[in-house]
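Quick note: residue numbers are just sequence positions, from 1.
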Amino acid sequence: MPPPTPAAVSRYLNITRYTSRGQQREVCVLYRSSKKRSCTWTNENRRKSRSFRMSAGTVRTGEGIASASLLRYCRCHHEADTLSCRGNLLHPGRPLGAALLSHSQHSWPQGQAVPQGSHVRLNLQTGEREVRLGEEQLKYWTEEHREEEALRSSFNPDELKRAMKKIKEDWKLASKDTEQKDSVASKFRTMEELKKDMAQLDLLLETDVQIMRRLLEQFNSSNSTSEQRLSILTELEYLVHQVDNAQTLCSMGGLQFLLEGLNSSDFRLQESSAFVLGSALASNPAVQVEAVENGALQTLLTTLATAQQLRVQKKVLFAVASLLRHFPYAQRHFLTHGGLQVLSELFRTDNSGILRTRIVTMLYDMITEKELIFQGGLDPVLDASHDERRRQYSKVSLQEELLEKGWCILVPQLLESSENDYREKALQALLAMAPVCLDQYRSDGSLQASLHSLKQEYQDMIQSEIILAEENSYFEEIVELIDALQVKMK
């Protein structure tokens, strides 16, 4: 098949690929010099490439256009369906370093810009970056278009003014933020500056440990008056709510002076000392252990049995409850040292009902926490001391002691109170003691009569609350407690 006649183009070198009907592929290379224009055919069965020199201009192919103004030498070769042209740069710093005249992927020189819209991939075998240029990208990537792009990418004066104005605005905002931070920081002073100022004012900045040490020294001073000691105990009560402070106070010997305060003849010192001790013992196992080892339980029971002031009895009972809570070792010692006898005497002599309610609540808490331990209330996997706790609680025979000391008859007396809260606490305690007190309940006619009358009273309250469209769930809970207790007594 004769080759077609090349078109006479004044400024382009035409490179056109033709495919015959068989496997033969031919390439026509048309190049132009100042004197002549010729076309050389290369058959891939005979020779796959030839070298030639190119003049400045643009290389045009059937698959795209690329600038050749920077190419010195070019070797065109035909491989499968790919026609490509690669060459050396006259000016290596310029952006175009290779003309890729194919839709296939070709390696792209390092650091050279890639035309917009090209497809880029990384060859993992060779480590080279490969670029595929379409016809539109090749047309675009000419010297003429690059010059136009450079002009379009440059700032005009108005755009430059707007950019500079924005930079100034951003700088002002950043400076304003910095000034604002500096102004906020200037309102505060460092700890060293505060210490210096306080030293000039004869003031001293102290830690909690230093404060407690100073307070103990003042309390033990022979020159301290009762009023000063009461003020010291008030400050200590505030501090010992923190677990670490309570333990530090014990390590300083503070526990001993608190126990001495319980033996004071001044009931105000007794009250304040019991209050500080109870606050230090609350949910603090380390202080609980040290208190038992120093005989605090015996001192508290003695004070509770001999105190005449209600306010002292309330604070001492608070300290006893804090010492016994979640501490089976102390609970066992409480039973063996006659704690229930002391509480029963206090229960009988209390006419106000305040101490009765607190005593019943404490006994109820002791019963329920033991039940939770034996019912698996704590996860044995998470609580490594679970077995030891069960062993210690097994030695606390609280319910048997309650039955023996007559608490199955004492607790129902709290139902005679007119306070709903007192009645609720009594019903909860009666249900907790039911496993050992059922026979006593069934033989107590006054208890059955009280339950019947209370149930009728609270049902009437519920009906009245329904009529008034008010909340009645609290009374319903009390009725549920009464029903549960009556079911157990049947």
* Asked: Does the pair Phe257 and Phe219 meet the rule for a ring pair (Phe, Tyr, Trp, His ring centres under 6.0 Å), with working shown?
  -> CA-CA 9 Å; Phe257 89 81; Phe219 189 90; 4.6 Å; yes
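Counting heavy atoms of neighbouring residues, nucleotides and ligands inside a 6.0 Å radius, atom OH of Tyr238 does not exceed 12 of them. Applying the 6.0 Å contact sphere to NZ of Lys488 captures no more than 12 heavy atoms from other residues, nucleotides or ligands. When the shell of 6.0 Å around NE2 of His452 is examined, it contains 12 or fewer heavy atoms from other residues, nucleotides or ligands.
Residues Lys425 and Asp421 are paired through a salt bridge, judged by an N-O separation under 4.0 Å between the basic side chain and the carboxylate. A salt bridge does not link Glu401 with Arg332: none of the charged nitrogens is closer than 4.0 Å to a carboxylate oxygen. Ion pairing between Glu480 and Lys455 fails under the 4.0 Å rule for side-chain N and carboxylate O.
Of the listed residues (Arg390, Glu388, Arg389), just one forms a side chain to side chain donor-acceptor pair (under 3.5 Å) with Gln392, and that residue is Glu388. Only one option out of Glu369, His326, Lys370 pairs with Gln331 in a side chain to side chain donor-acceptor pair (under 3.5 Å); it is Glu369.
Judged by the 6.0 Å and 45° rule, Lys315 forms a cation-pi pair with Phe275.
Side-chain atoms of Ser279 and Glu237 form a donor-acceptor pair, as typed in the model, at a separation below 3.5 Å. No hydrogens or angles considered: a donor-acceptor pair under 3.5 Å links the side chains of Asp460 and Gln456.
In this structure, Trp407 and Phe347 have perpendicular ring planes: the angle between them is above 60°, well past the 30° mark.
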